[in-house]
Protein chains: 2
Amino acid sequence: MAANWSAEVQRVEDYLAAHATDFVERWAQWLRIPSISADSAYWGDLERAADWLLEQLQALGLSVEKISTAGPPLVYAESPPVPGAPTVLVYGHYDVQPVAPVEAWQSPPFEPTLRDGAMYARGATDDKGQLLTHIWSTEAWLKEIGRLPIQLKFLVEGEEEVGSEHLNNFLSRRPAQLACDCVVISDGAQLGPDQPAICYGLRGIAYYELRLRGPKRDLHSGSFGGAVTNPVNALAKILAGLVDEQGRIQIPGFYDQVQPLSAEERERLARLPFDEKKFLAQLGVCGAWGEEGYSLLERRWARPTFDIHGIWGGYQGEGSKTVLPAEAGAKFSFRLVPHQEPAKITEALRQRLQQLCPPGIQLQLLETAGTPAVLVSVDSPYVQAAYRAIQKAFGREPVFIREGGSIPIVASLQQVFQVPVLLLGWGQDDDNTHAPNERFRLVDFHRGIRASAYLWAELAQIQTTP
Amino acid sequence: MAANWSAEVQRVEDYLAAHATDFVERWAQWLRIPSISADSAYWGDLERAADWLLEQLQALGLSVEKISTAGPPLVYAESPPVPGAPTVLVYGHYDVQPVAPVEAWQSPPFEPTLRDGAMYARGATDDKGQLLTHIWSTEAWLKEIGRLPIQLKFLVEGEEEVGSEHLNNFLSRRPAQLACDCVVISDGAQLGPDQPAICYGLRGIAYYELRLRGPKRDLHSGSFGGAVTNPVNALAKILAGLVDEQGRIQIPGFYDQVQPLSAEERERLARLPFDEKKFLAQLGVCGAWGEEGYSLLERRWARPTFDIHGIWGGYQGEGSKTVLPAEAGAKFSFRLVPHQEPAKITEALRQRLQQLCPPGIQLQLLETAGTPAVLVSVDSPYVQAAYRAIQKAFGREPVFIREGGSIPIVASLQQVFQVPVLLLGWGQDDDNTHAPNERFRLVDFHRGIRASAYLWAELAQIQTTP
């Protein structure tokens, strides 16, 4: 069987090599469809992008379904079950970010262009290119071998860039259809050029808007300053009171669920090839700062934070105006780590805000749905299978990383299915995701396809109980 | 002489009574000219308003001068010196505030309308109506008696509402022409209905804009939060660090020049008819707050304060955006009390900001020209003369008050001439200055004219050395 197996993988590799140009050409076809989900002018193109994908999946002999929602349709496809082998759900999205400022693009965003060994187009990496690596690898298995070594389910949405409003609803409506042993998502980056990575952790988030009201109208700060609480003064005081000089969040109970990082994990993170000076220089900051007692990567990936995203109040125009504003507000969030529950954080925050709010101020806290953190054990056989597949495709061992951001859909998938999520980013940090001149290097595209093809084989070696 | 004097004053009173209607009619003529200094569309009207005033002053036989500036012209007029009697400079302004929102006016802002015993129009009280009280009183003396008991100089500008840019320059260029023993300004309010007041103190101000820069571009708060200083977090921390929970400003040296309030003054302020509950209810605030150890009036009028006038940074739109903004800023000021010097405050502030600024943040402080506080001794013979004049015109003793606001031109006049400034506001707090439906009650207009006429007589009793 091992010999047979190895022969099959060889034939898959040959198929991939033979179709390399074809894969790029079909990828470019998809990239020509301007499937911008943020702009209703492109709703027809979202539909076209979904149809294009359905056609590709159907051509592989998968059983496909176009699922209507109040937003762009969901695309679903599945191969037959493989008894004793895992079922793997591949998630991706066919919608793309807007392109403004369009004049900053060297080639038009929806005219895919090969330049310097990379494909330039909106969606090149996020997520059309990365998602296709899993579809082209599946094609190789199905066209060359005639079957997949595992069962695959593809779930692709068209509104990831605008909040995945209708996907969550679908997840809870069809849990049986989507049942799986592991989820695979390629919608991110490697640690660096030629340094592939497996992301095993995401931070969660709890996002808020705080509104303060003082006097019922704007007042003259000369006549009234000193007599009534200034809502902007109060806002600064309250926000400053949520975190101390050492970067520790000042909310009683906030850290109660936070687990200390294991010595093993801290060592692993410390060993990562990461140049802190270069990182800071690229950001253009004049000095580093963060929670005391943690390395920069730990602070980015594995510790909770407090960031104010927006603040407003009073006069923001030119010159001076001596107003004592009637109101002020801010948007802010806490990034959460595993085991912290957004609802508990909100409760603790409300109590702390009551403590901090000075007399003469009415306070309103608006809460956005929170997202818990995600953490996958690196010892999971699924993670180990991905490790081997990537090692083989990239010719080098992947490193284990975490991500500081939050991907609500990953948290949802993990919550619904309670299975490991493999976050296998094939891109690079400088691929200009969400920016002009988005690109995906051809070398990463093709290595991604190969890694995916190997992954199906490696995952097949995990025995599942039927 | 006393008998003769009293007879003269009686004749002046008779003139005022005989011309009461005429005074109102001419006042309305002036109010019809929309002399809005903030809008260049009205520059022709500023010129017309200045010319109208020049004509009135010329008709009294005063020697007049129209002084061109790069902005609206200054109007100057003077009567002949009166040996042994003081020279008094009357300051006022002929420009008015904009009228928006114009739909909130019950009668059009430039169609002066008598309603419920008040004149409604933009500029009715601020400052056309109040300035005219001194011109009509002068007319009575000159037309009825043929001379003034003191020398009067009128200096009227057309850009008070936009910062008096060109007046200060003029003051320093022509100090000899403007030399005087006291300055009179009526551009404010009484303490309440039928409670005239003499304002003997103004707070100063030191106004700033603070700009913070962190990373060179906006960052994703998930990927970078915790690794770099967030400029909005830093802004909240820095601003919160400038004042403590008790309202004491936290800048070393800030209070060095502040004199304690005398027991006598505190008692006088405590005796003023002031209803704190009613005051706060009118402002619609849910609780009082201010510097500990001081009464509300002391905090408004005689203690330094810190107020943030505007704050901005990051995302202020709808919904949530997880940005770690590259920059943030705020406008704020300190109200100053007598003996505090704006330049020293700026120096101390700069040092304090350096202490408060976290790593990773570049800080820029922009300074607006500061204004020192003004304090006039209530024992001055000029103040006592005003006291007697007001008592006679209003039929009740004025109270001594201070004002929390800053009037740069008053500080400039006091600095240039080193003489007492008499701030004699004839208006009321509810006259809607700077707001729709500005008004000036006729009773206050006429009492103001009478008080002014008596004031010239009372001031004439002060012996000056030639």
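Chain identifiers are assigned alphabetically (A, B, ...) following the order of the sequence lines, protein sequences preceding nucleic acid strands; residue numbering begins at 1 within each chain.
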Q.
Please determine whether the number of non-hydrogen atoms from other residues, nucleotides or ligands lying under 6.0 Å from atom CD of B:E245 exceeds 12.
A. no

Give a yes or no on this: more than 12 heavy atoms of other residues, nucleotides or ligands lie within 6.0 Å of atom CD of A:E318.
-> no

Side chain, backbone, both or neither: which part of [X] has a heavy atom under 4.5 Å from chain B?
| X | answer |
| --- | --- |
| A:Q316 | both |
| A:L242 | neither |
| A:L297 | neither |

Given the options [options], which has more heavy-atom pairs under 4.5 Å with chain A than any of the others?
| options | value |
| --- | --- |
| B:P304, B:P359, B:G163, B:G241 | B:P359 |
| B:T368, B:T305, B:I308, B:L202 | B:I308 |
| B:T322, B:L324, B:L239 | B:T322 |
| B:D307, B:V232, B:V285 | B:D307 |
| B:G287, B:G314, B:S320 | B:S320 |
| B:E291, B:K321, B:E403, B:Q362 | B:K321 |

Who wins among [options] for the most heavy-atom pairs under 4.5 Å with chain B?
| options | result |
| --- | --- |
| A:G310, A:A328, A:S333, A:A326 | A:G310 |
| A:G247, A:P231, A:G319 | A:G319 |
| A:H434, A:R303, A:R299 | A:R299 |
| A:G290, A:G317, A:A330 | A:G317 |

Among residues 212-220 of chain B, those lying within the under-4.5 Å heavy-atom range of chain A are B:G214, B:P215, B:K216, B:R217, B:L219, B:H220

Is it true that a side-chain atom of B:Y294 and a backbone atom of A:G226 form a donor plus acceptor pair closer than 3.5 Å?
no

- Message: Tell me whether A:R300 contacts the main-chain N or O of B:A227 through its side chain, where contact means a donor paired with an acceptor under 3.5 Å.
- Response: no

Salt bridge (charged side-chain N to carboxylate O under 4.0 Å, His left out) filter on A:D430, not counting sequence neighbours, yields A:R439, A:R441

Using non-hydrogen atoms and a 4.5 Å limit, figure out which bit of [X] sits close to chain A: side chain, backbone, both or neither.
| X | value |
| --- | --- |
| B:I205 | side chain |
| B:Q282 | backbone |
| B:K331 | side chain |

* B:S221 versus A:R335, side-chain donor and acceptor atoms under 3.5 Å -> yes

Heavy-atom nearest pair, B:G225 first then A:R203, reads O-NH2, 2.9 Å

Heavy-atom nearest pair, A:A236 first then B:A240, reads O-CB, 3.7 Å

- Worked verdict on A:W312 versus B:Y315 for side-chain contact (heavy atoms from CB on, under 4.5 Å): CA-CA 9 Å; A:W312 60 89; B:Y315 182 68; over 6 Å; no

- [ ] Start with the C-alpha distance between B:F306 and A:N233, add both sets of side-chain angles, then the distance that settles side-chain contact (heavy atoms from CB on, under 4.5 Å), and finish with yes or no.
- [x] CA-CA 8 Å; B:F306 166 69; A:N233 285 31; 3.7 Å; yes

